Amino acid sequence: MELWGRMLWALLSGPGRGGSTLGWAFSSWQPQPPLAGLSSATELVSHWTRVFERRGIPEARESSEYIVAHVLGAKTFQSLRPALWTQPLTSQQLQCIQELSSRRLQRMPVQYILGEWDFQGLSLRMVPPVFIPRPETESRVIAVDKGEAAISLTHENAQRLQLQDRIWIIHLDMTSERSWTHLPWGPVDLVVSNPPYIFHQDMEQLAPEIRRYPFLRLSRPTAFPFSYEDPAALDGGEEGMDIISHILALAPQLLKDSGSIFLEVDPRHPELVSSWLQSRPELYLNLVAVRKDFCGRPRFLHIQRSRP
């Protein structure tokens, strides 16, 4: 069963923090020295994902992420502090990752390798041959925003709803392509976005409830100084396509084959987006559906990536 990469991503609950690993010995395996040239958690995850994939290990990325996270004292790789993604590991940590990954190459289930597993809110000790509980997969959301206020509020809401273990919240400007290259995720199945899509010339026509905040004294001038909502979250540029085009251009890096992007847009955008995609066949993206809102306006796009 393949779990990785549903945006919503699906996964089993992560392993428990600090659980002891099993002291099993395999006659066909001997510990090897840590791999030269690999020092960070992100590099180790990428390396062992490739190794597992070559050896036909199911859920290769999940396996490598859980192992690396476990050695670093976390339940999931996404729950690690971002600073730990690139921080050099100790030789002892590298050796432990090597040993646990070698057990996975023996097709030992990750639950047994880690020694415990979360199930329905319980952290259970896992020892073979005791049956491994396998709940229905849960949704895992990756929430990305460049606004600090949005990130802070998302953290607050996730904690209030007790969803912090199911949502990965990342402070990131998606228009900066270099930022995406350092993220430790694999291709995903689904991207959902409500990007800034208002035509720039329409910004001044927004309702006062949106654009005015008469009692706020801003520390710096903006193009729309009196605004309840962040103008940057609304203004999509001359034709409202600035952020939309960035998302679509990144699709080959973000999506699996047959993965989908769902966008909320302006009613003028279906035609504009369709023309934009037709002019870029190298992206292998197709506008497969346009859905209407409750007022009958074409506002929602389903764009799908085809296999190259």
Side-chain angles (χ1 to χ4, degrees), residues 5-9 11 76-85 138-185 188-200 202-204 206-237 240-251 253-255 260-266 269 293 299-301 303:
R6 302 195 179 126
M7 193 120 166
L8 313 170
W9 279 346
L11 83 163
T76 65
F77 194 80
Q78 291 71 37
S79 66
L80 288 171
R81 290 185 293 107
L84 294 178
W85 296 345
E138 298 178 354
S139 298
R140 177 166 58 179
V141 177
I142 302 174
V144 177
D145 201 291
K146 73 173 185 178
E148 293 183 5
I151 292 296
S152 177
L153 186 59
T154 304
H155 275 292
E156 180 181 338
N157 283 325
Q159 291 173 356
R160 290 179 60 194
L161 298 172
Q162 298 183 350
L163 295 175
Q164 58 267 36
D165 292 334
R166 296 175 58 184
I167 182 169
W168 182 8
I169 304 168
I170 299 177
H171 186 203
L172 176 72
D173 182 357
M174 59 81 55
T175 62
S176 175
E177 295 188 18
R178 292 184 60 187
S179 298
W180 293 92
T181 61
H182 299 293
L183 293 177
W185 62 36
V188 301
D189 293 321
L190 183 65
V191 173
V192 180
S193 178
N194 180 7
Y197 60 75
I198 296 175
F199 285 51
H200 182 74
D202 295 341
M203 288 289 292
E204 293 183 358
L206 295 176
E209 289 83 356
I210 298 175
R211 62 184 173 87
R212 286 188 180 175
Y213 200 169
F215 303 110
L216 175 65
R217 181 181 296 274
L218 298 178
S219 59
R220 58 188 179 187
T222 65
F224 304 95
F226 302 115
S227 177
Y228 279 110
E229 299 187 39
D230 183 3
L234 302 170
D235 191 345
M241 286 282 293
D242 287 1
I243 305 302
I244 293 173
S245 61
H246 271 290
I247 294 172
L248 297 177
L250 283 169
Q253 303 174 46
L254 299 178
L255 292 178
S260 292
I261 296 176
F262 290 90
L263 298 174
E264 178 179 336
V265 297
D266 183 276
H269 278 139
D293 63 13
R299 294 287 306 281
F300 308 104
L301 306 184
I303 298 163

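Computed from a prediction, not measured in an experiment: that's the story for all the values here. Atoms considered below: every heavy atom in the structure, side chains included; atoms not considered: hydrogens, waters and symmetry mates. Residue numbers run from 1 in the order of the sequence given.
The closest side-chain heavy-atom distance from Phe300 to Asp293 is below 4.5 Å. No side-chain heavy atom of Val191 sits under 4.5 Å from any side-chain heavy atom of Leu250. Side-chain atoms of Leu263 and Ser193, non-hydrogen and from C-beta on, do get closer than 4.5 Å to each other.
In this structure, Leu301 CG and Ile303 CD1 are separated by 5.0 Å, a value rounded to the nearest 0.5 Å. Atom NE2 of His155 sits about 8.5 Å away from atom CD1 of Ile167, to the nearest 0.5 Å. In this structure, the separation between CG on Leu248 and CD1 on Ile261 is 5.5 Å, given to the nearest 0.5 Å. With rounding to the nearest 0.5 Å, the separation of CG in Leu84 from CZ in Phe77 is 9.0 Å. Interatomic distance, Ile170 CD1 to Gln78 CD, rounded to the nearest 0.5 Å: 8.0 Å. We find the CG-CG distance between Asp189 and Leu254 to be 12.0 Å, quoted to the nearest 0.5 Å.
Val265 approaches Arg299 most closely through the heavy-atom pair O-NE, 2.6 Å. Residues Glu264 and Pro195 approach most closely at O-CD, 3.5 Å, considering heavy atoms. In terms of heavy atoms, Lys146 sits closest to His171 at O-NE2, 2.8 Å. Closest approach of His200 and Asp235 over heavy atoms only: ND1-OD2, 2.6 Å. When all heavy atoms are compared, the tightest approach of Ser260 to Leu255 is O-CD2, 3.6 Å. Closest heavy-atom contact between Phe199 and His269: CE1-NE2, 3.6 Å.
No donor-acceptor pair under 3.5 Å is formed between the side chain of Ser152 and the backbone N or O of Glu148.
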